[in-house]
Amino acid sequence: MARSSGSRPVALVLLALCAAALSSATVTVNEPIANGLSWSFYDVSCPSVEGIVRWHVAEALRRDIGIAAGLIRIFFHDCFPQGCDASVLLSGSNSEQIEVPNQTLRPEALKLIDDIRAAVHAVCGPTVSCADITTLATRDAVVASGGPFFEVPLGRRDGLAPASSDLVGTLPAPFFDVPTLIESFKNRSLDKADLVALSGAHTVGRGHCVSFSDRLPPNADDGTMDPAFRQRLTAKCASDPSGNVVTQVLDVRTPNAFDNKYYFDLIAKQGLFKSDQGLINHPDTKRAATRFALNQAAFFDQFARSMVKMSQMDILTGSAGEIRRNCSVRNTALGDVSSSAQLETTAGDEGLAADA
Ligand code: HEM
Ligand SMILES: *[C@@H]1O[C@H](CO)[C@@H](O)[C@H](O)[C@H]1NC(C)=O
Ligand SMILES: *[C@@H]1O[C@H](CO)[C@@H](O)[C@H](O)[C@H]1NC(C)=O
Ligand SMILES: CC(=O)N[C@H]1CO[C@H](CO)[C@@H](O)[C@@H]1O
């Protein structure tokens with residue numbers, strides 16, 4: 001036993017324990033899942049999918065850690081308006097990507113999802129949906145940034161049309177107060193615990209000045225922002241009249257680590273958006289936000305549960321929708337004579353005829 005062999009082995013044991021603690025925490029979400037989804041959906045049709053996704057996400061994050069935040073936000077913007085159906089990935093003139101809240105989705109992260117899709121296709125054929133690839137890549141981005149590992153149920157199919165601008169308009173705005181945020185989430189069957197935990201995704205990533213200028217001069221100081229922080233942001237954004245160029249990290253303490261420091265920011269009045277800062281002040285959310293600041297394990301646990309819940313909102317399963325051959329375009333669009341060359345490079349193999 002370590003005790004009888006002096007202090008060095010004890011130190012080694014402690015080191016090993018620390019290493020175990022640092023390597024990702026696992027949260028087991030043991031709840032019933034939506035019809036048509038399964039925890040083992042690709043075990044037969046594409047057993048290597050999880051490994052392929054994890055490898056590509058790790059590679060991409062090594063080059064640019066910001067892609068983690070990019071993936072996590074894309075997932076939210078996909079799921080919240082009309083369900084996790086990869087509709088947010090569709091590009092083009094009537095797509096969700098031209099809607100205001102989507103204008104700052106990171107193109108590098110969108111491209112990564114498409115690249116992963118192609119890599120999975122090369123091994124498994126057209127079996128895995130863009131919606132499931134997005135879900136897995138998001139989970140892996142959370143893990144690779146230091147957050148919890150959790151299994152995600154799979155079997156989603158890809159939507160045939162982008163969400164309408166009315167639906168995209170249901171995405172919450174950064175200037176919402178807490179009662180409005182609660183209503184917005186409730187409209188999507190997400191509760192207060194989901195709101196407080198999912199907002200913790202703002203532990204990574206960045207925002208543009210337009211998203212928090214409501215809290216800066218010439219607008220009145222409502223007293224919810226640390227004065228020195230407000231002054232710094234004001235100076236920073238003064239150099240960007242458009243508000244669309246300069247960026248600020250969402251979590252000033254550990255901007256690239258998925259941890260509970262976001263909730264420390266809120267306690268220090270250094271949350272970036274009104275929607276963030278409100279959580280620590282409003283009686284309906286204060287207790288959970290404070291708890292997550294004090295207990296990272298509690299945050300990780302609720303975050304994993306809420307992500308698994310959000311990942312099942314209004315999904316397509318079975319034979320609904322399709323398995324897209326290119327995450328940015330519907331299969332019928334690929335079938336156009338005009339894009340048949342692209343069709344070959346995209347699909348490339350036997351699977352194509354099956355659902356053309
Ligand atoms: C609670 C309501 C929410 C509001 C009002 C909100 C609002 C915003 C805004 C305005 C930005 C910055 C956009 C910009 O200026 O570039 C942002 C970024 C981000 N949001 Fe949220 N969000 C919310 C919830 C969520 C949820 C539920 C998630 C994921 C689970 C999420 C993940 C992210 C991430 C990761 C970023 C950084 C993106 C990047 O760096 O590219 N947000 N959010
Ligand atoms: C919630 O849904 C109701 C009914 O559709 C709608 O009128 C209201 O604006 C929604 N609230 C938010 C904050 O999205
Ligand atoms: C997918 O479609 C988009 C839009 O048409 C195109 O720009 C892109 O090159 C395609 N991706 C692949 C891998 O073919
Ligand atoms: C990621 C993405 O496609 N963003 C688009 C958002 O909308 C603007 C136009 O409004 C496009 O220029 C961006 O490419």
Side-chain angles (χ1 to χ4, degrees), residues 66 68-70 72-73 76-77 80 101 104 142 145-147 171-185 190-238 240 243-244 246-296 298-300 302-303 306-307:
I72 298 167
R73 186 162 188 242
F76 175 51
H77 280 227
F80 197 88
T104 50
V142 168
S145 309
L171 278 163
F175 50 83
F176 277 5
D177 60 15
V178 169
T180 311
L181 290 168
I182 291 174
E183 179 187 314
S184 159
F185 272 57
L190 296 169
D191 60 25
K192 292 172 206 170
D194 297 319
L195 169 65
V196 179
L198 290 173
S199 294
H202 291 174
T203 180
V204 292
R206 63 188 187 198
H208 293 76
C209 292
V210 280
S211 303
F212 52 89
S213 56
D214 58 311
R215 309 184 69 203
L216 304 179
N219 298 307
D221 184 352
D222 64 4
T224 59
M225 192 185 274
D226 163 40
F229 186 52
R230 188 166 186 262
Q231 217 161 39
R232 271 207 315 281
L233 294 179
T234 304
K236 200 172 175 183
C237 291
D240 176 16
N244 295 313
V246 167
T247 60
Q248 165 65 29
V249 296
L250 301 182
D251 169 12
V252 288
R253 286 177 169 66
T254 51
N256 295 320
F258 199 103
D259 57 18
N260 66 340
K261 294 294 189 295
Y262 161 87
Y263 301 99
F264 286 47
D265 299 337
L266 304 188
I267 291 173
K269 299 176 131 186
Q270 291 164 342
L272 191 59
F273 306 137
K274 182 180 170 186
S275 61
D276 296 318
Q277 192 58 52
L279 299 175
I280 202 82
N281 297 325
H282 195 278
D284 286 351
T285 49
K286 181 181 185 146
R287 184 189 289 267
T290 308
R291 182 161 155 263
F292 294 158
L294 296 174
N295 184 346
Q296 179 164 278
F299 165 49
F300 280 4
Q302 183 60 52
F303 183 80
S306 298
M307 286 292 274

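Both backbone and side-chain heavy atoms feed into the values below; hydrogens, waters and symmetry mates do not. In this chain, numbering begins with 1 at the start of the sequence shown.
In this pair, His202 and Phe273 present their aromatic rings perpendicular. The plane angle is above 60°, beyond the 30 to 60° band.
Aromatic rings of Phe303 and Phe258 (six-membered ring for Trp) have centroids within the 6.0 Å cut-off, being under it.
Not one N or O on the side chain of His208 forms a donor-acceptor pair closer than 3.5 Å with the backbone of Val210.
A 4.5 Å side-chain heavy-atom check between Met225 and Lys269 finds every atom pair outside the cut-off. Residues Cys237 and Leu216 meet the side-chain proximity criterion, which asks for heavy atoms closer than 4.5 Å. In this structure, Thr290 and Leu294 have side chains that are in contact, with non-hydrogen atoms separated by less than 4.5 Å. The closest side-chain heavy-atom distance from Tyr262 to Leu279 is below 4.5 Å. Taking the side chain as every heavy atom from C-beta outward, Gln302 and Asp194 approach each other to under 4.5 Å. Put simply, the side chain of Val204 does not reach to within 4.5 Å of the side chain of Asn256, judged on heavy atoms. Two residues are said to be in side-chain contact when any heavy atoms from C-beta on lie closer than 4.5 Å; Leu195 and Leu190 fail this criterion. In this structure, Asp251 and Asp259 have side chains that are in contact, with non-hydrogen atoms separated by less than 4.5 Å.
Between Arg230 and Asp221 there is a salt bridge, since at least one side-chain N of the basic residue sits less than 4.0 Å from a carboxylate O of the acidic one. No salt bridge links Asp214 with Lys274; every basic N to acidic carboxylate O contact stays at or beyond 4.0 Å.
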Test side-chain contact (heavy atoms from CB on, under 4.5 Å) on Ser275 and Phe175; report intermediate values, then the result.
CA-CA 6 Å; Ser275 61; Phe175 50 83; over 6 Å; no

Please report the C-alpha distance between His77 and Arg73 in whole Å, then the side-chain angles of each, then the deciding distance to 0.1 Å, and finally whether the side-chain contact (heavy atoms from CB on, under 4.5 Å) criterion is met.
CA-CA 6 Å; His77 280 227; Arg73 186 162 188 242; 3.5 Å; yes

Step by step, work out the side chain to side chain donor-acceptor pair (under 3.5 Å) result for Gln270 and Arg253.
CA-CA 10 Å; Gln270 291 164 342; Arg253 286 177 169 66; 2.9 Å; yes

Mind running side-chain contact (heavy atoms from CB on, under 4.5 Å) on Phe300 and Asn260 for me, showing each step along the way?
CA-CA 8 Å; Phe300 280 4; Asn260 66 340; 5.9 Å; no

Could you walk me through whether Leu233 and Phe212 satisfy the side-chain contact (heavy atoms from CB on, under 4.5 Å) test, starting with their C-alpha distance in whole Å, then the side-chain angles of each, then the deciding distance to 0.1 Å, before giving a yes or no?
CA-CA 9 Å; Leu233 294 179; Phe212 52 89; 4.2 Å; yes

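Across Leu250 and Gly207, no two heavy atoms sit closer than the pair CD2-N, 3.6 Å. Here the closest non-hydrogen pair linking Val196 and Tyr263 is O-OH, 2.7 Å. Of all non-hydrogen atoms in Leu272 and Gln248, the two that sit nearest each other are CD1-CG, 3.6 Å. When all heavy atoms of Thr203 and Ala257 are compared, the closest pair comes out as OG1-O, 3.0 Å. The two residues Ser184 and Pro172 have their closest heavy-atom pair at OG-CB, 3.8 Å. A pairwise comparison of heavy atoms in Gln277 and Asp265 identifies OE1-O, 4.4 Å as the closest pair.
Here the OG1-NZ distance, from Thr247 to Lys236, works out to 5.5 Å after rounding to the nearest 0.5 Å. In this structure, OG on Ser199 lies 5.5 Å from CZ on Phe185, to the nearest 0.5 angstrom. In this structure, Ile72 CD1 and Leu198 CG are separated by 11.0 Å, a value rounded to the nearest 0.5 Å. Between the CD1 atom of Ile182 and the CG atom of Asp191 there is a distance of 10.0 Å, given to the nearest 0.5 Å. In this structure, CG in Asp284 is found 11.5 Å from CG in Leu181, a value given to the nearest 0.5 Å.
For the residue pair Arg206 / Thr104, no side-chain donor-acceptor distance below 3.5 Å is found, with atom types taken as modelled.
For Phe229, there are no ring-ring contact (aromatic ring centres under 6.0 Å, His included) partners, not counting sequence neighbours.
Environment of CZ in Arg291: sparse, with no more than 12 heavy atoms of neighbouring residues, nucleotides or ligands closer than 6.0 Å.
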